[in-house]
Amino acid sequence: MKRTYRLFLLFGLVVTFSSCAKKGYLFTSFHEPANEGLRMLYSYDGYKWVDLNKIYLKPEIGKQKIMRDPSMVQGPDGVFHLVWTCGWKGERGFGYASSKDLIHWSEQQFIPVLQNEPTTVNVWAPELFYDEVKKEFIIIWASTIPYRFAKGVEEEENNHRMYAITTKDFKTFSEAKLFLDPGFSVIDAVIVKKATEDYVLVLKDNTRPNRNLKVASSKDALGPYTGVSEAFSGKLTEGPTVVKLGKDWLIYYDAYGEKRYAAIKTSDFKSFKDVSAETVIPEGHKHGTIVPVSRKVIKRLRHPEFISGSRKRKVE
């Protein structure tokens with residue numbers, strides 16, 4: 001019995017290792033001044049990141065032809081969907097494109113929102129989330145509609161709230177609705193599914209002098225989100241993205257006040273530990289989202305010349 005037990009343990013370890021070895025992560029990215037386009041980092045452990053050092057999609061839409069805050073998810077059919085900010089001000093919509101392999105992309109589209117709100121100042125940082133329960137994509141973003149909400153300490157053109165639309169096919173969309181009004185200017189929110197009927201919203205309190213990160217909770221991906229927490233990051237922080245690693249969650253964010261990219265670990269979104277010293281983030285990386293992928297996807301991006309036609313070969 002003892003020998004069998006040891007063999008079982010050994011077999012279990014091999015299976016676990018083999019399963020982990022097939023996993024990887026992509027981190028969408030851009031460099032200032034945001035006119036080059038989509039970049040990506042990759043990692044095999046979620047802590048140490050390498051820049052693929054290539055532009056995968058150059059922005060062609062919007063008045064300013066920029067690509068900021070690229071957010072990406074992989075749908076249940078394997079297709080990758082990407083949305084991004086395409087203008088600082090004056091745009092009532094965001095960019096969208098899709099890809100099966102992250103190398104060849106669909107024609108870029110401008111997705112209009114808040115068309116019935118002519119005074120809308122901006123559409124910032126659209127963030128994608130796939131709702132497995134309703135089998136639809138949720139897109140949330142920050143916009144300012146002057147004189148719509150209590151002013152607080154913000155100027156009217158900087159008093160943001162979060163809005164949302166849903167879609168199943170990126171061809172037809174629901175009407176834009178208010179997603180979050182926490183009573184203060186809010187931007188850069190991301191939806192995280194912890195468990196069934198247990199969702200967390202990581203958000204930026206954009207009011208002066210705060211400009212830090214907080215969390216709220218809901219039983220539904222579309223909210224309502226309540227119980228906004230105290231800040232878990234320092235001031236002058238933004239652009240959070242969240243990835244689950246084992247039993248823990250890592251929240252990456254731009255600590256722009258300190259001119260560094262930071263990471264915080266949590267298991268419950270109540271207690272937080274700074275693990276920035278354990279991470280490696282390439283210089284110049286800006287606001288993006290992390291997408292779990294197979295290592296095969298990363299290999300294809302690292303060695304595209306060997307993953308096509310007769311030139312296909314094994315790569316490490």
Show the atom names and distances, to 0.1 Å, of all donor-acceptor pairs under 3.5 Å that link a side chain in residues 121-128 to residues at least two apart or in another chain.
from	atom 1	to	atom 2	distance (Å)
N122	OD1	T144	N	3.0
N122	ND2	H160	NE2	2.9
W124	NE1	W88	O	2.8
E127	OE2	S71	OG	3.4

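- Residue pairs meeting the ring pair (Phe, Tyr, Trp, His ring centres under 6.0 Å) criterion with at least one partner in residues 99-123, sequence neighbours excluded, do not occur; the list is empty.
- Taking CG from N206 and CG from D188, the interatomic distance works out to 7.5 Å, rounded to the nearest 0.5 Å.
- Residue pairs meeting the side-chain hydrogen bond (donor to acceptor under 3.5 Å, both in side chains) criterion with at least one member in residues 224-240, sequence neighbours excluded, are K204-E238, S233-T237.
- Sorted by first and then second residue, the side-chain hydrogen bond (donor to acceptor under 3.5 Å, both in side chains) pairs involving residues 55-66 (not counting sequence neighbours) form an empty list.
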Would you be so kind as to tabulate the donor-acceptor pairs closer than 3.5 Å made by side chains of residues 168-183, with sequence neighbours excluded?
from	atom 1	to	atom 2	distance (Å)
K168	NZ	K134	O	2.9
K168	NZ	K135	O	3.2
D169	OD1	T167	OG1	3.4
D169	OD1	K171	N	2.9
D169	OD1	T172	N	3.1
S174	OG	T166	N	2.8
S174	OG	T166	OG1	3.2
D181	OD1	R161	NE	2.6
D181	OD1	G183	N	3.1

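- Considering only residues two or more places apart in sequence or on other chains, K265 meets the salt bridge (Lys or Arg N to Asp or Glu O under 4.0 Å) condition with none of them.
- In this structure D254 satisfies the salt bridge (Lys or Arg N to Asp or Glu O under 4.0 Å) test together with K286, sequence neighbours excluded.
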Tell me which donor-acceptor pairs under 3.5 Å the side chains of residues 28-41 have, and how far apart each pair is, sequence neighbours excluded?
from	atom 1	to	atom 2	distance (Å)
T28	OG1	P70	O	2.6
T28	OG1	T289	N	2.8
T28	OG1	T289	O	3.3
S29	OG	H285	ND1	2.7
H31	ND1	R39	NE	3.3
E32	OE1	R68	NH1	2.9
E32	OE2	R68	NH1	3.3
E32	OE2	R68	NH2	3.1
E36	OE1	R39	NH2	2.9

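- The side chain to side chain donor-acceptor pair (under 3.5 Å) test applied to Y252 returns W49, not counting sequence neighbours.
- Listed by chain and number, the residues in a salt bridge (Lys or Arg N to Asp or Glu O under 4.0 Å) with R260 are E258, D274 (sequence neighbours excluded).
- With sequence neighbours excluded, the residues forming a salt bridge (Lys or Arg N to Asp or Glu O under 4.0 Å) with D205 are K214, listed by chain and number.
- Judged as a ring pair (Phe, Tyr, Trp, His ring centres under 6.0 Å), and not counting sequence neighbours, the contacts of F232 are F272.
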